[in-house]
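To start, the structure itself, in structure tokens.
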Amino acid sequence: MTKRQAAFYSMTIPALLLFFLLHTYPAIQGIFYSFTNWDGFSEGYRFVGFNNYASLFKDNNVLNSYLFTFKYALVVTILINVLSLLIALGLNSNIKYRNLFRGIYFLPNILGVLIIGYIFNYFFSNVLTQLGDKLGSDVLSVNILGSEKWAWIGVVIVSVWQGIAFNTILYLAGLQTIPKDLYEASNIDGAGKWTTFWKITFPMLAGFFTINMVLALKNGLFVFDQIIALTGGGPGRSTQSIALLIYQGGFQGGEFAYQSANAVIYFIVIIAVSIAQLKFLQRKEM
Amino acid sequence: MNKENSTNWGVTLLIALGSVLILIPLYMTISIALKNPEEMANSVFSLPIGLHFENFANAIEATNFFGALKNSTIITVVAVGIILLTNSLVSYAIARNMDKFKFYKGLYFYFISALFIPFQIIILPVVKLTTTLQMNNIPGLIILYIVYGLAFNIFVYVGYIRSIPIELEEAATVDGASTYGTFWRVIFPLLAPINATIAILSCLSIWNDFLLPLIILGKPESYTLPLVQYVFQGQFSTDFNLAFASYLLALAPMVIVYLFVQKWIINGITQGAVK
């Protein structure tokens, strides 16, 4: 082995070992426990084969958490991408105080989700309801976070409010990669704004669109902090996301093994969704 | 003046209206933090009259703000510093060898495949492991951030390092520099733009992270700012002025930093994204 190769090994082997110990090994353990009946505290446990997995599919709480998480993630992904693309287009055009507005629109991204959640929690439960009372509006005077039917909308609003910032910056970066002469050419050809957007801007942004969609959906499927701060999973279990269910069941509910099985399924679902999404969006890029 | 350079007032107006939606919750936070309950009863949106700075003093005491600020700062600064030094080094070794050796190519995919593993699949065993290894404290948390950063950072760094011409280091090697010497003196300085991006993104995610401190940190003395808000919320959920003073204190450090380096942050991320 040359000295150079030895140096390269010394750069990577420690990272490899640490990563294996702190990431891969726990993941393997998680899979291992998913085949047992361990509650997380007791001394002993025994193997139960695929029992946990079989039970998952009959568990209404699990089913509900998947339904909520997917519904939420889908809506958030679409809203974030539509709005942040529009904002990026606005911030990229000839407007006054462009840098100031860029600064403002990125601001939510630097604020912690948990604290933002607490602030919005107050906004939904106290400010909006008071406003509703004053206006005599029945719709507004009810705290949406307290409604099984509408609480998820509250979580969506907070996630979109915060999530737009990062995607806007990525779209803005994408817009700056589009050569100006393409626009000049379409201008000379007499193309309208709408045509120019669909024929030039959007195709040129395809790569950024893919990244943003994948990122937003992945973040949506991992939702946790917002829910802790806004609803704690309630009312009932109407906003219990998969991540929250695994956390609550695994740490507080004595369901360590059972929720490990849930985490494995969650992992498989994430992989399947990511691959499907990448394939679909990349085909569109062509 | 031609059409291209004139201000588009319609869009400016729309953008300004949108930015109001972003600023309202922040205005509300500041004004509630400065009011007392009687002023709140009148109107939530009105400007505060009395400026009740005692809310802040009480919040600082109730949450041990300075302790949490110190913990958050130490964790973020140390973790981000070590991330820049180590994750770039690992990425360099991978980037320069992945075309020649299967080991490094495998390593690359091994690390970035972790991007798709939901954290929930490992949190339960990680808590057990960190307790056994006595890593359920601030140094342990820092190590976890450094190691978990590898997945995303290698993805970004490797792409960037591969775009740096290899001739640059060959010259250094001919001059007798070691592999490490070449990295620190030739490559690392060239990584400045991507280091800025990684530093900003890591800093934001570590500073604002809630789940990992929640499950790892055992002692209240080592709690971070977001974690303190969580504990505090459970105890004093009715005194909103106190609560909002506390939220504002927790948000303030990052906002202050942001005000000073705003342009740099936005450029750092956009440049990182384009590469």
Side-chain angles (χ1 to χ4, degrees), chain A residues 4 7-8 11-12 15-16 18-19 22-23 26-27 29-30 40 87 90-91 93-96 99 101-115 118-120 122-123 126-127 130 169-170 172-173 176-177 222 224-225 243 246-247 250 256 259-260 263-264 266-267 270-271 274, chain B residues 5-8 11-12 14-15 18-19 22-23 25 28-29 44 86 89-90 92-94 96-97 107 111 114 116-126 129 144 147-148 150 178-180 204 208 210-211 226 229-230 233 240 243 247 250-251 254-255 258 262-263 265-266 269-270 273-274:
Chain A
R4 188 166 158 82
F8 281 134
M11 289 175 188
T12 46
L16 174 63
L18 273 173
F19 195 80
L22 298 173
H23 195 277
Q29 265 187 318
I87 294 168
L91 289 175
S93 55
N94 283 316
I95 56 169
K96 269 255 180 269
N99 286 332
F101 284 126
R102 283 184 185 182
I104 292 174
Y105 276 97
F106 190 67
L107 187 59
N109 191 59
I110 66 156
L111 309 173
V113 183
L114 186 82
I115 300 168
Y118 284 137
I119 293 169
F120 270 91
Y122 178 82
F123 182 74
N126 294 59
V127 179
Q130 276 182 29
I169 290 294
L170 287 187
L172 212 47
Q176 275 150 22
T177 63
F222 287 172
F224 182 85
D225 294 18
I246 293 172
Y247 170 76
F256 192 104
Q259 292 304 340
S260 295
V264 173
Y266 185 34
F267 165 59
I270 297 269
I271 292 281
S274 303
Chain B
N5 292 325
S6 62
T7 302
N8 190 333
V11 176
T12 305
L14 285 175
I15 286 289
S19 69
I22 288 171
L23 294 173
M28 215 178 68
T29 308
V44 187
T86 60
L89 192 66
V90 178
Y92 171 64
I94 291 175
R96 284 295 179 244
N97 292 292
L107 213 53
F111 282 126
F116 293 95
I117 297 180
F119 192 57
Q120 277 67 27
I121 200 173
I122 65 167
I123 54 172
L124 303 169
V126 159
L129 184 69
L144 289 180
V147 175
Y148 292 162
L150 283 164
S178 68
T179 308
Y180 276 95
L204 289 174
N208 289 324
F210 163 63
L211 181 56
Q229 300 309 312
Y230 174 68
Q233 175 73 15
F240 290 115
Y247 304 152
L251 294 177
M254 260 309 183
V255 174
Y258 180 67
Q262 184 223 107
K263 215 175 152 183
I265 288 183
I266 294 177
I269 291 173
T270 36
V274 175

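Numbers restart at 1 for each chain; the letters A, B, ... are given by sequence-line order, proteins then strands.
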On a heavy-atom basis, the closest approach of A:Pro108 and B:Ile22 is CG-CG2, 3.8 Å
Whatever's closer than 4.5 Å to a heavy atom in chain A on B:Ile123 counts as both
Whatever's closer than 4.5 Å to a heavy atom in chain A on B:Leu150 counts as side chain
Honestly, the part of A:Phe101 sitting under 4.5 Å from a heavy atom of chain B is side chain
Output for pair (A:Met11 CE, B:Arg96 CZ), nearest 0.5 Å, gives 11.0 Å
dist A:Tyr118:OH -> B:Gln229:CD (nearest 0.5 Å) comes out at 8.0 Å
The salt bridge (charged side-chain N to carboxylate O under 4.0 Å, His left out) partners of A:Arg102 (sequence neighbours excluded) come to none
Shortest non-hydrogen pair, A:Ile119 vs B:Pro25, comes out as CG2-O, 4.1 Å
Answer key: most heavy-atom pairs under 4.5 Å with chain A among B:Thr86, B:Val90, B:Ile94 is B:Val90
Answer key: most heavy-atom pairs under 4.5 Å with chain B among A:Ile104, A:Ile246, A:Asp225, A:Ile110 is A:Ile110
Looking only at heavy atoms, the pair that brings B:Pro226 and A:Leu114 closest together is O-CD2, 3.3 Å
Counting heavy-atom pairs under 4.5 angstrom with chain B, the leader among A:Gln29, A:His23, A:Gln259 is A:His23
OH (B:Tyr180) and CZ (A:Phe8) are apart, to the nearest 0.5 Å, by 9.5 Å
Between A:Ser260 and B:Leu124, the two heavy atoms sitting closest are OG-CD1, 3.9 Å
Pair count under 4.5 Å, heavy atoms only, with chain B: among A:Ser274, A:Ala243, A:Gly250, highest is A:Ala243
Between the CZ atom in B:Phe210 and the CD1 atom in A:Ile115, the distance rounded to the nearest 0.5 Å is 10.5 Å
(message) If we ignore hydrogens and angles and just use 3.5 Å, is the side chain of B:Tyr148 paired with the main-chain N or O of A:Leu22 as donor and acceptor?
(response) yes
Note to self: Aromatic contact between A:Phe19 and B:Phe111, with the criterion being ring centroids under 6.0 Å apart: yes or no?
What the structure shows: yes
Honestly, the part of B:Leu107 sitting under 4.5 Å from a heavy atom of chain A is side chain
OH (A:Tyr122) and OG1 (B:Thr29) are apart, to the nearest 0.5 Å, by 10.5 Å
Counting heavy-atom pairs under 4.5 Å with chain B, the top scorer among A:Leu111, A:Leu18, A:Val113, A:Ile270 is A:Leu111
(message) With a 3.5 Å distance limit and no angle check, can you tell me whether A:Tyr105 reaches the backbone of B:Ile15 through a side-chain donor-acceptor pair?
(response) yes
Turns out that what part of B:Ser19 lies under 4.5 Å from chain A's heavy atoms comes down to both
Note: A:Asn109 and B:Asn208 closest approach over all heavy atoms is O-ND2, 4.4 Å
Pair count under 4.5 Å, heavy atoms only, with chain A: among B:Leu23, B:Leu204, B:Asn97, highest is B:Asn97
